[in-house]
Amino acid sequence: MKQPIDTKGLQSIVDGQLALGLKAVEAVEQLGALQLNTTKALLEQSVKQHQALLGVKTPQDLGAIANDASKPLAQITQNYLTEATALALDTSRAVALTTEAQVQEGYRAVSTWLDEAAKAAPAGSESFFKAAREMIAVSEKAWGQFIRQTESMNEQAELYVVSPANAPKGKSKRST
């Protein structure tokens, strides 16, 4: 008697792949928009600086322009890097959640398959199934460690890249 194929696990994998693909497209769209906005801001700033240079009448005017020229460009660049990092973190978290669910579903499916196969297996094959279950357990532990390390790296990037850039700018407490 043939057993019907369980397509629930396959459907879960297809759904997960679709979710990952859609998240990737969304991230690319957001990054493209960020890059266009940054390029526009850089061009606008460049035009302002060129117009200011055309209006220079004295060496003091040139000195004032040169002194302040890099500040807006540095701010635009910092904003871009902060937003790109935040986008990467958000995408990474979404991918991790989707992947985590898919991996756990895969472990459950393999464990179920092993249990069913063990019932129908000939005598003497118990050690094979024991070893297979141990490999799954080790793989699950390794996957858990990978997820924890990824979360830790995301937290560090959030703490040291995104949060400081979004902190309110105030006067320095250090006296000169």
Side-chain angles (χ1 to χ4, degrees), residues 5-43 45 70-119 121 125-170 172-174:
I5 297 174
D6 179 20
T7 60
K8 181 181 175 188
L10 292 174
Q11 184 63 44
S12 176
I13 291 170
V14 169
D15 290 346
Q17 294 299 317
L18 178 61
L20 288 174
L22 291 173
K23 185 60 183 173
V25 169
E26 180 185 326
V28 168
E29 286 176 342
Q30 291 173 341
L31 183 59
L34 176 60
Q35 289 174 331
L36 284 173
N37 290 337
T38 301
T39 301
K40 180 181 176 186
L42 288 169
L43 286 171
Q45 186 59 39
S70 65
K71 290 176 189 174
L73 298 176
Q75 185 62 47
I76 292 168
T77 303
Q78 180 182 8
N79 290 345
Y80 171 79
L81 292 174
T82 301
E83 290 181 39
T85 301
L87 175 62
L89 290 173
D90 290 344
T91 303
S92 173
R93 287 182 184 115
V95 168
L97 288 174
T98 303
T99 304
E100 175 77 16
Q102 296 308 307
V103 168
Q104 292 305 320
E105 180 65 31
Y107 286 134
R108 279 192 291 277
V110 169
S111 293
T112 301
W113 180 84
L114 277 175
D115 292 342
E116 292 298 317
K119 290 176 188 174
S125 60
E126 294 84 11
S127 61
F128 167 79
F129 289 101
K130 181 180 177 186
R133 285 187 183 94
E134 287 175 6
M135 286 178 12
I136 290 172
V138 168
S139 178
E140 282 183 292
K141 285 181 183 178
W143 177 256
Q145 181 64 25
F146 172 75
I147 291 297
R148 285 188 294 280
Q149 291 294 337
T150 301
E151 288 171 356
S152 176
M153 289 182 343
N154 282 349
E155 289 169 4
Q156 293 296 313
E158 183 83 36
L159 181 65
Y160 293 111
V161 178
V162 177
S163 295
N166 291 336
K169 306 281 189 260
S172 175
K173 294 180 181 179
R174 197 176 353 167

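Model, not experiment: these values are computed from the prediction.
Here OG1 of Thr38 is found 6.5 Å from CD of Glu83. Values are rounded to the nearest 0.5 Å. Taking CD1 of Ile136 as the start and CZ of Arg133 as the end, the distance is 8.0 Å to the nearest 0.5 Å. Taking CD of Glu100 as the reference point, atom CZ of Phe146 lies at 10.5 Å (rounded to 0.5 Å). Expressed to the nearest 0.5 Å, how far CG of Leu22 lies from CG of Leu18 amounts to 4.5 Å. Going from atom CG of Leu97 over to atom CZ of Arg93 covers 9.5 Å, rounded to the nearest 0.5 Å. For the atom pair NZ of Lys141 and CD of Gln145, the computed distance is 11.5 Å after rounding to the nearest 0.5 Å.
Annotation: side chain of Lys40 is not in contact with side chain of Leu36 (no heavy-atom distance under 4.5 Å). Annotation: side chain of Trp143 is in contact with side chain of Thr99 (closest heavy-atom distance under 4.5 Å).
Shortest non-hydrogen contact noted between Ile76 and Ala41 is CD1-O, 3.6 Å. Shortest non-hydrogen contact noted between Leu34 and Ala84 is CD2-N, 3.5 Å. Looking at every heavy atom in both residues, Glu158 comes nearest to Leu89 through OE1-CD1, 3.5 Å. Tyr107 approaches Ser139 most closely through the heavy-atom pair OH-OG, 2.6 Å.
In summary, Lys23 and Asp90 do not engage in a salt bridge, as defined by a charged side-chain N under 4.0 Å from a carboxylate O. Salt bridge annotation for Glu151-Arg148: absent, with no cationic side-chain nitrogen under 4.0 angstrom from a carboxylate oxygen.
Side-chain N or O atoms of Thr91 include one that pairs as donor or acceptor with a backbone N or O of Leu87 at under 3.5 Å. Thr77 places a side-chain N or O within 3.5 Å of a backbone atom of Leu73 that can act as its donor or acceptor partner.
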Problem set entry | Candidate pair Gln104 and Arg108, rule side-chain contact (heavy atoms from CB on, under 4.5 Å), full reasoning | CA-CA 6 Å; Gln104 292 305 320; Arg108 279 192 291 277; 3.8 Å; yes

